[in-house]
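For reference, the structure is listed below as structure tokens.
Numbered from 1 within each chain, the chains take letters A, B, ... in sequence-line order. Heavy atoms only: backbone and side chains are in, while hydrogens, waters and symmetry mates are out.
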Amino acid sequence: MKKLSKQDLLHLYRSLIRTRKFDQLNIRLAAEGKLLTFYHSAHGHEAVGTGAAAVVRDDDYLFIHHRGHGLPYSIVRGIDPKSCVAEHMGKSTGWGGGITGFHAVDKEMGILSSAGTIGSGFVLSAGYGLAAKKNGRGQIAICFSGDGGVQRGQFHEAINLCAAWKLPVVFVVENNGMAWFTPNRDTTAVENVADLAKAYKVPAEIVDGMDILAVYRATEKAVELARNGGGPSLIECKTFRYRSHSEGRPDVSHFEPRSKEEIAAWMERDPIKLFEEKLVKDKVLTATLIETIAREADEEAVAAEKFSFDSPFPDPARLPHMVYAP
Amino acid sequence: MKKLSKQDLLHLYRSLIRTRKFDQLNIRLAAEGKLLTFYHSAHGHEAVGTGAAAVVRDDDYLFIHHRGHGLPYSIVRGIDPKSCVAEHMGKSTGWGGGITGFHAVDKEMGILSSAGTIGSGFVLSAGYGLAAKKNGRGQIAICFSGDGGVQRGQFHEAINLCAAWKLPVVFVVENNGMAWFTPNRDTTAVENVADLAKAYKVPAEIVDGMDILAVYRATEKAVELARNGGGPSLIECKTFRYRSHSEGRPDVSHFEPRSKEEIAAWMERDPIKLFEEKLVKDKVLTATLIETIAREADEEAVAAEKFSFDSPFPDPARLPHMVYAP
Amino acid sequence: MKELMYWNAISEAIAEEMARDDKVFVIGENVQESPFLATKGLVQKFGSDRVMDAPLSELAIAGATVGAAMAGYRPVCDLTFADFIYCAADEVLMKAAQQYFIHNGEVGVPCVFMGVAGGGFGNGPEHSRIPAAMVMHNPGLKLVLPSNPYDAKGLMKAAIRDNNPVCFFFHKKCMPMKQEIPDEEYIIPLGKAEIKRAGTDVTVVATSYMVNLALEAAKQLEGKVSSEIIDPRTLVPLDIDTIIESVKKTNRVVIIDEDTECCGVAAEIAQQIIERAFDYLDAPVSRLCAANSPIAGAAMEKYVIPQLPQVIKAIETAAGL
Amino acid sequence: MKELMYWNAISEAIAEEMARDDKVFVIGENVQESPFLATKGLVQKFGSDRVMDAPLSELAIAGATVGAAMAGYRPVCDLTFADFIYCAADEVLMKAAQQYFIHNGEVGVPCVFMGVAGGGFGNGPEHSRIPAAMVMHNPGLKLVLPSNPYDAKGLMKAAIRDNNPVCFFFHKKCMPMKQEIPDEEYIIPLGKAEIKRAGTDVTVVATSYMVNLALEAAKQLEGKVSSEIIDPRTLVPLDIDTIIESVKKTNRVVIIDEDTECCGVAAEIAQQIIERAFDYLDAPVSRLCAANSPIAGAAMEKYVIPQLPQVIKAIETAAGL
Ligand SMILES: Cc1ncc(C[n+]2csc(CCOP(=O)(O)OP(=O)(O)O)c2C)c(N)n1
Ligand SMILES: Cc1ncc(C[n+]2csc(CCOP(=O)(O)OP(=O)(O)O)c2C)c(N)n1
Ligand SMILES: [Mg+2]
Ligand SMILES: [Mg+2]
């Protein structure tokens with residue numbers, strides 16, 4: 001268990017704030033019709049991706065969940081989030097060169113793909129894990145998904161394979177109790193994904209997804225196990241999305257508005273609020289620092305918007321050369 | 001729990017014997033090159049299909065496992081097995097009109113389909129169960145599969161759906177520890193499929209698949225639960241295949257010959273031998289009766305061979321009319 | 001008469017069929033609220049037992065659709081995006097397509113697989129396809145591609161009543177279309193093309209949203225080229241006779257389809273024309289389709305999927321200009 | 001020189017590549033014993049860490065293949081029957097095909113999806129297909145259909161070395177074929193057709209096992225028709241130039257392919273010929289394919305899949321007899 005220095009804690013905090021600011025930027029740009037594709041906000045989910053991705057090495061592999069379209073997973077790892085905004089504006093400076101729509105990729109930091117078809121990440125991650133096991137460099141793969149994604153057959157086949165072959169894969173499930181408009185209480189009898197994992201003999205832990213340190217610590221344990229040949233683990237993070245499934249869509253459960261009380265109750269446990277309170281109490285954060293970090297993030301977002309706006313579109317002549325590798 | 005009369009017990013016994021005789025017939029015909037497609041012997045598995053299928057009503061739905069290509073599931077329900085042989089000889093008197101290769105179907109007895117792609121039965125059966133639940137006639141569906149089939153994503157999606165919606169589906173897993181040449185100890189960390197089922201909150205029981213009455217009783221309980229709105233169950237029958245995966249193939253585990261001792265040990269617990277001993281002890285069977293039943297089954301098989309041989313091939317002019325329903 | 005939007009025409013068709021036949025039900029992810037609106041409003045009328053929000057499980061949804069159809073129901077399965085047919089290919093392209101055959105013609109699989117299809121929203125390679133050719137290539141499935149609200153309604157009703165599995169892909173770009181819809185019931189039989197515009201110089205076979213682009217192009221070309229625009233409306237069955245008749249008259253033909261070019265819809269229609277009307281052709285059959293590439297997202301999509309200028313150009317070229 | 005069977009030529013190619021490059025490994029169900037023999041013997045040489053018997057999980061096998069390829073390996077994934085591509089369509093047709101594109105051309109997916117394909121054994125609708133058109137229709141995948149042992153070996157080596165996902169479908173009916181194989185290494189580049197027999201009256205483009213039927217037909221037609229038989233060997237990339245050159249010479253062409261006709265391989269090749277050589281054609285391009293039907297089993301298979309008499313007839317007809 002790594003001792004988290006003040007600097008580490010501030011890195012986590014700053015990453016959360018930057019994630020939220022960039023999420024808000026994408027939300028606004030979507031509302032203004034400036035994103036050329038859809039956007040699924042990470043609002044409420046920030047602590048999961050940030051806390052878990054903070055643990056891994058630069059050469060590990062990540063398969064991201066769609067909340068925030070990569071922001072929570074990439075910012076904490078030092079990837080410049082303007083490339084996310086630029087991608088959504090279809091610009092050549094985007095992380096997919098502006099041709100992918102919304103897919104998040106960063107080859108250098110092992111962010112290989114995101115799923116247009118939810119759930120694909122499980123089996124692709126099994127492949128990253130297989131490669132990691134084979135090459136003996138101690139790499140691991142971490143696969144993020146939602147509770148909805150878990151309902152796909154890919155989950156079953158991947159976790160079974162990883163368990164049988166002891167592949168170094170950590171499954172992090174962001175369980176917000178919903179898949180698009182549908183509450184999962186009506187689509188599964190399984191309350192905790194962790195219980196399912198245990199049936200495959202995969203160690204599983206349930207953590208408070210609003211508590212970034214809880215996510216960090218659970219991931220740390222799972223990653224260590226994986227790196228040391230102990231095989232896969234699953235971490236179920238109980239979390240909540242504050243906004244609608246994707247921008248511009250109604251916010252319903254089945255077909256009725258979601259409960260305002262429920263949303264308000266979860267907002268009380270907002271992951272940034274909780275962490276901020278803790279860090280203030282622990283004297284890591286001061287009011288001035290909070291303000292500075294927020295301001296810097298705001299400025300960064302403003303600059304990112306301008307950068308993206310000013311960036312050129314990709315050269316369409318590239319497209320035919322993108323289908324096959326030489 | 002139905003009290004099994006002498007007549008019931010003899011029906012089970014006779015069905016087992018007929019199943020084995022017809023299995024042997026198919027094996028011989030395959031060796032002689034008279035089957036126009038492949039054949040997966042039920043040898044060793046007979047008690048599972050026979051015991052479980054004996055429980056259901058004529059209007060229930062069955063999705064069969066490939067062992068015996070339908071024989072264990074159909075004979076006990078009163079379907080004439082000569083239509084199985086004829087199908088494999090490609091004759092118009094086969095149960096698929098001679099055009100399906102090896103697929104077992106009997107619309108009247110609810111035997112809807114068999115799987116060319118193993119594991120498809122899970123989700124199709126969920127559909128039968130959904131229909132049964134909707135129509136309120138108290139029908140149920142029973143889905144047979146192997147332990148290999150369980151490794152497909154279809155298992156996960158189907159059992160999750162059936163559990164969430166309390167669909168009247170009974171999953172019967174014929175666990176023989178192997179999928180084709182591959183022992184499942186190397187492809188899964190899950191020893192008992194029953195444990196997996198429980199994670200979905202589905203009642204599951206492990207039974208001795210060599211004991212036809214154990215299979216019968218477990219199925220009876222599960223079927224009753226399903227009929228009364230209690231939703232799905234899973235029955236895991238531990239069994240063994242005595243022969244190779246399919247006729248004409250080597251009998252290996254990975255790439256080495258299977259252990260002769262293991263096969264011999266299981267043969268000691270042959271499902272027919274066990275049941276016969278019990279029935280003799282209980283004075284249901286006599287030596288004469290055993291002999292009569294065997295002889296009748298042999299005669300039936302001889303007649304079925306001739307019938308199939310003498311039957312005409314289908315009229316190929318039918319084919320274009322088989323693609324779309326009017 | 002009343003004006004209906006494209007999606008509303010579809011939901012009205014489903015509602016009418018659900019009211020008529022209690023064997024019809026809707027199953028899919030989020031069908032109660034319906035992200036693309038085509039099943040919106042149904043749950044209020046028919047309840048959640050007949051408009052079923054399912055798990056995120058395409059195999060189970062499509063598989064249960066096939067199973068329930070074989071057991072006597074007429075499910076309408078919403079795949080959400082038509083692209084998700086890739087996630088249930090065993091169930092849709094193999095099982096739904098072939099179970100009637102495997103059952104020796106004794107057990108039908110009456111169901112509909114609907115999905116929103118096509119480009120226009122920059123959503124990239126996994127949310128922008130019209131998987132038409134894959135469906136056509138797997139015999140046993142029918143395929144409907146409605147290009148406007150009127151057709152959508154009449155074809156959906158026919159699809160639900162058909163005794164076969166029918167893929168019904170409606171186009172994102174048709175969503176804002178509005179049209180007068182008769183108060184009385186009507187059904188458009190599967191397998192009847194419609195000549196959307198009569199012409200004499202060139203036959204333009206267009207599918208789905210491309211029909212609308214072709215009509216616009218024809219208008220812009222008025223005076224220069226007299227285009228006959230044929231919308232097959234259903235690709236399986238394909239009303240090849242109407243196409244051939246037109247080609248025999250115009251002697252020139254271009255096929256405009258939004259699915260990927262290679263082994264696509266256009267190649268098939270082209271070859272059927274070659275087989276039946278070769279001697280009538282004054283020029284090669286030509287085609288305009290999505291490029292042989294994944295569908296690029298955002299601003300690059302328009303370089304992969306045919307747009308109005310390319311449609312105009314293709315018609316001009318086919319007309320020999 | 002030594003004689004090798006078709007399957008043995010394949011396993012030898014894989015063995016050579018595994019010896020050369022330790023990034024190459026084999027994954028699939030039962031690949032150690034190998035029901036269709038094409039990976040037989042490899043486990044004895046390379047051990048079970050590089051010849052991996054996997055669970056009955058096509059999604060996981062194909063998905064892990066894609067993932068491992070993206071992470072730097074060169075997996076050879078055995079789908080067993082090529083038909084099982086339907087069971088992993090999201091992984092093969094969508095993910096493998098498009099990940100290079102989605103990664104902006106920065107992350108390749110070098111892997112092979114192999115499977116035994118085609119009819120001949122009466123195994124019915126789910127074990128008898130050559131899903132060639134579905135692969136061709138999804139850009140990003142390459143496609144190899146070797147018609148004999150020599151080609152099988154050289155093409156498999158090229159497939160493994162290629163930096164893209166390559167589908168390699170070998171034909172059940174070619175299994176008994178034996179051929180002289182050089183002792184020295186050779187590679188057949190993807191995208192080079194071979195003229196298997198020169199002729200002047202009619203161009204016959206045939207794929208996979210149909211090449212052998214076409215050669216037999218040509219022999220039987222000797223004196224009556226001089227057939228030029230072209231085996232594209234790889235359908236993606238397609239060596240259309242070699243085909244066009246031949247057509248310009250013979251002015252007549254028939255395409256013979258075992259996949260289902262509608263939206264199939266033959267329609268695509270036909271349309272490419274129409275686009276490039278229309279004025280050279282003395283007769284319509286014609287095609288002979290599997291009927292638009294599921295592949296019937298047992299004795300009925302031969303009425304769905306082209307047999308020698310139909311091949312002969314098709315060549316005669318194309319030649320104008
Ligand atoms: C295979 C597939 N099915 C359906 C969808 C449509 N879809 C996108 S996100 C989503 C819900 C995902 O739920 P979950 O995994 O719980 O993530 P959440 O959005 O709740 O964070 C759905 C149904 C998809 N993209 N891919
Ligand atoms: C989707 C699919 N994958 C692979 C196969 C090939 N196959 C046929 S039977 C079989 C093994 C099945 O194992 P199991 O379900 O345990 O049944 P068993 O044969 O052991 O009774 C395999 C791999 C297939 N038919 N379908
Ligand atoms: Mg969720
Ligand atoms: Mg087994």
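- Looking at D/L281, the atoms closer than 4.5 Å to chain C (heavy atoms on both sides) sit in the backbone and in the side chain alike.
- Of the listed residues C/G297, C/A270, C/S293, the one with more heavy-atom pairs under 4.5 angstrom with chain D than any other is C/S293.
- Side chain to side chain, D/D257 and D/T207 meet the donor-acceptor criterion of an N or O pair below 3.5 Å.
- For D/I102, the part sitting under 4.5 Å from any heavy atom of chain C is the side chain, from C-beta outward, and nothing else.
- Heavy-atom pairs under 4.5 Å with chain C were tallied for D/N138, D/N292, D/L238, D/V236; the largest tally goes to D/N138.
- Using a distance-only test at 3.5 Å, with no hydrogens or angles considered, no donor-acceptor pair links the side chain of C/N164 to the main chain of C/V109.
- For the residue pair D/I85 and D/F169, the shortest heavy atom distance occurs at CD1-CZ, 4.1 Å.
- Remark: of the listed residues D/E275, D/E245, D/Q272, D/Q272 is the sole one forming a side-chain contact (heavy atoms from CB on, under 4.5 Å) with D/I240.
- Considering only heavy-atom pairs separated by less than 4.5 Å from chain D, the leading option among C/P139, C/A89, C/C263 is C/C263.
- Heavy-atom pairs under 4.5 Å with chain D peak, among C/E58, C/R129, C/M134, at C/R129.
- Within 6.0 Å of CD on D/Q310 lie more than 12 heavy atoms contributed by other residues, nucleotides or ligands.
- Interface remark: D/D279 contributes no atoms to any contact with chain C (heavy atom separation under 4.5 Å).
- Of the two parts of D/S286, only the backbone, made up of N, CA, C and O, holds a non-hydrogen atom closer than 4.5 Å to a non-hydrogen atom of chain C.
- C/K142 has a carboxylate O that lies under 4.0 Å from a charged side-chain N of C/D162, or vice versa, which qualifies the two as a salt bridge.
- A salt bridge is defined here as a Lys NZ or Arg NE, NH1 or NH2 lying under 4.0 Å from an Asp or Glu carboxylate O, and C/R287 with D/E268 meets this definition.
- Of the listed residues (C/P125, C/A277, C/A296), the one with the most heavy-atom contacts under 4.5 Å to chain D is C/P125.
- Paired with D/P232 under the rule side-chain contact (heavy atoms from CB on, under 4.5 Å), one option of D/V205, D/I255, D/D239, D/V144 passes, and it is D/V205.
- Applying the 6.0 Å contact sphere to CZ of C/F278 captures more than 12 heavy atoms from other residues, nucleotides or ligands.
- Interface summary for chain D: among C/E261, C/R276, C/K95, the most heavy-atom pairs under 4.5 angstrom belong to C/K95.
- Interface summary for chain D: among C/P284, C/G264, C/A267, the most heavy-atom pairs under 4.5 angstrom belong to C/P284.
- Of the listed residues D/V265, D/V285, D/V92, D/D83, the one with more heavy-atom pairs under 4.5 angstrom with chain C than any other is D/V285.
- Of the atoms belonging to C/A88, not a single heavy atom falls under 4.5 Å from chain D.
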